[in-house]
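Structure first, then comments.
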Amino acid sequence: MNFARLLSEGSVTENLRLPEGDAFRALPKGYFQPLGFTYRESDGRLSPTYPMGLPLLLSVGGVCESEFGMRMVYALVALLACLGLWLLGKELGLAPPWRFYAVAIFASSPLFLWSSLIPMSDALASCQAIWVLLLALQAKRSSGWAFACGFLVGWAVLTRPSSVLLFVPLVVALLQAKAGWRRLAWGTLGGMPAFVAFLWGNWTFYGDAFGSGYGDLWAFFSWDYLVPTVFHYGETMLFAMFGLVLPAAFLGSLNLRCPKVLFLWAWILPFFGFYAFYVFTSQTWWFLRFVLLAFPGLALMSANWLEGVATRAAKSSRGEAWLALGLAGASVAVGCYWVDKLNVFGEQAFERRYEIECQWAVENLAADTIVVCMQSSGAFYYYTEFPVFRWDLADWDADWELLRDAALVEGVPVVAVLHDFEVKREDSILRRYADRWELLGPVAERVSAYRLR
């Protein structure tokens with residue numbers, strides 16, 4: 001959101017907010033960077049951490065300044081994803097009832113609904129993946145479709161760099177369609193604007209055309225995460241994509257001689273394989289959002305296999321249609337159960353706590369207060385003018401007294417605004433320095449404020 005606001009204002013970097021007073025100069029300036037930004041020693045400004053694909057969309061017309069406008073964008077993205085999945089099913093030769101089945105099980109997935117309500121890039125990345133592959137199948141018909149496909153591939157990579165894995169099913173689709181070099185040239189031309197923006201953005205933000213705001217990304221990948229993630233896939237996919245989806249998708253994937261199956265396998269496997277080695281994937285159910293881009297492929301694989309079985313077993317096309325609609329209805333019912341159990345819609349309301357806690361701070365804290373936080377640091381930069389101090393970045397054994405003494409010298413109040421999980425962490429400042437904080441009270445759901453004594 002901060003990045004989107006910057007883009008809507010015609011800027012790409014942010015000022016670093018520092019508390020006033022010479023006594024604070026002994027503290028490293030990097031401790032005052034909020035989540036979503038990276039401090040640049042070269043000019044003392046903040047560069048966005050996250051890719052620019054979603055912020056670019058939200059910056060159009062100042063959408064990021066309106067909660068209603070943002071919700072409409074998320075809703076439109078979700079609808080476009082469902083429409084694209086329907087059209088992709090048609091392109092793959094699925095009958096309308098089975099296309100409806102594929103759309104129903106994808107749209108009612110708790111993970112897709114959750115991702116469509118939270119201001120993150122997962123739903124947009126999934127929508128882009130669907131349309132990229134739909135346009136890839138259309139590219140054989142005209143150079144215009146090839147150009148559009150290339151343009152959308154570029155935007156997809158700007159939204160999430162790992163979307164470069166879409167090149168695997170993209171190449172399979174183009175080879176199957178026997179697209180000529182002209183189509184490939186037009187596709188490459190379509191992707192050039194995003195490629196230039198990617199290089200320019202990385203050079204501007206991080207001083208490296210192929211750099212990243214995440215630092216050393218490969219440090220988050222290891223063979224040690226493979227087994228836990230595979231088990232996590234098995235446990236959580238039962239409700240993330242439930243019922244007959246997994247067994248049907250698995251059985252359908254065995255027929256590699258079928259061009260459709262090979263195409264879908266090339267879509268699914270790279271994402272599940274890549275993120276099987278990622279440290280965060282196995283930590284909770286909603287971290288499967290990283291592989292949400294492959295869920296439409298699973299839905300289509302399932303629909304393709306079930307259609308083949310139903311065609312052989314059903315006595316009439318009407319009976320086959322009723323079977324598809326029945327399976328879709330059952331899947332939606334199970335999806336509704338898990339949506340309620342996982343409190344998917346309540347999680348959206350829970351997201352409002354960031355705005356609520358910032359409003360509390362504006363109304364109750366002095367304007368020069370230093371807010372010690374981590375999870376809410378980006379929100380405080382978006383909704384308030386307070387400088388934030390990242391407790392998770394500071395070396396407290398060395399820097400704690402510096403912050404405390406500087407605050408006393410300058411007469412600046414220090415207030416920690418912490419989520420419950422931050423308080424419970426082993427390295428929490430409240431655990432290590434409990435006697436130095438005075439509880440002010442809860443300020444939002446699962447969020448409390450503490451004043452430095």
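Side-chain atoms of Glu355 and Tyr382 form no donor-acceptor pair, as typed in the model, at a separation below 3.5 Å. Between the side chains of Thr38 and Thr49, at least one donor N or O lies within less than 3.5 Å of an accepting N or O. With hydrogens and angles left out, the side-chain atoms of Thr159 and Gln128 include a donor and acceptor closer than 3.5 Å. Looking only at atom types and distance, the side chain of Gln283 has no donor-acceptor partner in the side chain of His232 under 3.5 Å away. Side chains of Gln359 and Glu363: a donor-acceptor N/O pair is present below 3.5 angstrom, by distance only. Inspection of the Ser302 and Tyr101 side chains reveals an N or O donor paired with an N or O acceptor under 3.5 Å.
Ring centroid separation for the pair Phe389 and Tyr31 comes in under the 6.0 Å cut-off. Aromatic rings of Tyr275 and Tyr278 (six-membered ring for Trp) have centroids within the 6.0 Å cut-off, being under it.
In this structure, Val332 and Ser108 approach most closely via the heavy-atom pair CA-OG, 3.8 Å. Among all heavy-atom pairs drawn from Arg353 and His419, the shortest one is NE-CE1, 3.0 Å. Of all heavy-atom pairs between Pro270 and Leu165, the closest is O-CD1, 3.7 Å. Taking every heavy atom of both residues into account, Phe386 and Val362 meet most closely at CE1-N, 4.0 Å. Summarising the geometry of Pro387 relative to Leu18, their closest heavy-atom pair is CB-C, 4.3 Å, with the distance given to 0.1 Å. Among all heavy-atom pairs drawn from Thr369 and Leu365, the shortest one is OG1-CB, 3.8 Å.
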Side chain to side chain donor-acceptor pair (under 3.5 Å) evaluation trace for Glu357 with Tyr383
CA-CA 10 Å; Glu357 63 189 272; Tyr383 291 111; over 6 Å; no

After noting the C-alpha distance and the side-chain angles of Phe274 and Phe221, does the key distance pass the ring-ring contact (aromatic ring centres under 6.0 Å, His included) rule?
CA-CA 9 Å; Phe274 179 75; Phe221 289 83; 4.9 Å; yes

Apply side-chain contact (heavy atoms from CB on, under 4.5 Å) to the pair Leu57 and Trp155, showing each step before the final yes or no.
CA-CA 10 Å; Leu57 177 63; Trp155 185 22; 4.1 Å; yes

Under the salt bridge (Lys or Arg N to Asp or Glu O under 4.0 Å) rule, what do Arg5 and Glu14 come out as? Steps first, then yes or no, please.
CA-CA 10 Å; Arg5 182 183 62 185; Glu14 175 71 278; 3.4 Å; yes

Could you walk me through whether Leu152 and Leu135 pass side-chain contact (heavy atoms from CB on, under 4.5 Å), step by step?
CA-CA 9 Å; Leu152 192 54; Leu135 293 175; 4.0 Å; yes

For side-chain contact (heavy atoms from CB on, under 4.5 Å), just list the numbers for Gln33 and Leu393, CA-CA rounded to whole Å, side-chain angles, deciding distance to a tenth of an Å, and then say yes or no.
CA-CA 9 Å; Gln33 65 180 349; Leu393 296 180; 3.5 Å; yes

Please determine whether side-chain contact (heavy atoms from CB on, under 4.5 Å) holds for the pair Val443 and Ile356, giving the CA-CA distance in whole Å, both sets of side-chain angles, and the decisive distance to 0.1 Å.
CA-CA 8 Å; Val443 299; Ile356 292 172; over 6 Å; no

Taking it one step at a time, do Glu438 and Arg451 satisfy salt bridge (Lys or Arg N to Asp or Glu O under 4.0 Å)?
CA-CA 5 Å; Glu438 174 188 359; Arg451 181 168 52 210; 3.3 Å; yes

Should Asp122 and Arg289 be marked as a salt bridge (Lys or Arg N to Asp or Glu O under 4.0 Å) after you check the CA-CA gap, both sets of side-chain angles, and the distance that decides it?
CA-CA 6 Å; Asp122 308 286; Arg289 64 189 181 87; 3.1 Å; yes

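By the ring-ring contact (aromatic ring centres under 6.0 Å, His included) test, Phe147 pairs with no residue at all, sequence neighbours left out. Qualifying ring-ring contact (aromatic ring centres under 6.0 Å, His included) partners for Phe231, counting only residues two or more places apart in sequence or in other chains: none.
Side-chain atoms of Asp340 do not come within 3.5 Å of backbone N or O of Cys336 as any donor-acceptor pair. Side-chain N or O atoms of Ser331 include none that pairs as donor or acceptor with a backbone N or O of Ile105 at under 3.5 Å. Between the side chain of Trp131 and the backbone N or O of Leu80 there is at least one donor-acceptor pair closer than 3.5 Å. In this structure, the side chain of Thr229 engages the main chain of Ala276 through a donor-acceptor pair within 3.5 Å. A donor-acceptor distance shorter than 3.5 angstrom exists from the side chain of Trp267 to the backbone of Leu293, with no hydrogens or angles considered. Between the side chain of Glu410 and the backbone N or O of Ala407 there is no donor-acceptor pair closer than 3.5 Å.
Heavy-atom neighbours of Phe32 CZ from other residues, nucleotides or ligands within 6.0 Å: above the threshold of 12.
Of the candidates Tyr74, Trp286, Trp338, Trp114 forms a ring pair (Phe, Tyr, Trp, His ring centres under 6.0 Å) with just one, namely Trp286.
Ring planes of Phe287 and Phe280: tilted class, angle from 30 to 60°.
Using a 4.5 Å cut-off on side-chain heavy atoms (C-beta onward), Arg45 and Leu16 make no contact. Looking only at side-chain heavy atoms (C-beta outward), Leu92 and Leu137 come within less than 4.5 Å of each other. No side-chain heavy atom of Phe37 sits less than 4.5 Å from a side-chain heavy atom of Ser47. Under the 4.5 Å side-chain criterion, counting only non-hydrogen atoms from C-beta, Phe295 is not in contact with Phe112. Val415 places none of its side-chain heavy atoms less than 4.5 Å from the side chain of Val371. Looking only at side-chain heavy atoms (C-beta outward), Trp186 and Cys149 stay at 4.5 Å or farther from each other. For the pair Leu111/Phe106, no side-chain contact is recorded, criterion being any heavy-atom separation below 4.5 Å from C-beta on. When side chains are defined from C-beta on, Pro413 counts as touching Asp368, because their heavy atoms get closer than 4.5 Å.
Geometric assessment of Arg17 against the ring of Tyr381 yields a positive cation-pi assignment under the 6.0 Å and 45° thresholds.
Sequence neighbours left out, the pairs with a member in residues 24-42 that pass salt bridge (Lys or Arg N to Asp or Glu O under 4.0 Å) are Asp22-Arg25, Arg40-Asp43.
Separating the OG atom in Ser376 from the CG atom in Leu418 is a distance of 8.5 Å, to the nearest 0.5 Å. Note: Ser448 OG to Asp420 CG = 6.0 Å, rounded to the nearest 0.5 Å. A distance of 5.5 Å separates CD1 of Ile370 from CG of Leu403, quoted to the nearest 0.5 Å. Atom CD1 of Ile118 is separated from atom CG of Leu113 by 11.5 Å, given to the nearest 0.5 angstrom. For the atom pair CZ (Arg160) and OH (Tyr50), the distance works out to 12.0 Å, reported to the nearest 0.5 Å. Between Tyr225 atom OH and Phe220 atom CZ the span is 9.0 Å, to the nearest 0.5 Å.
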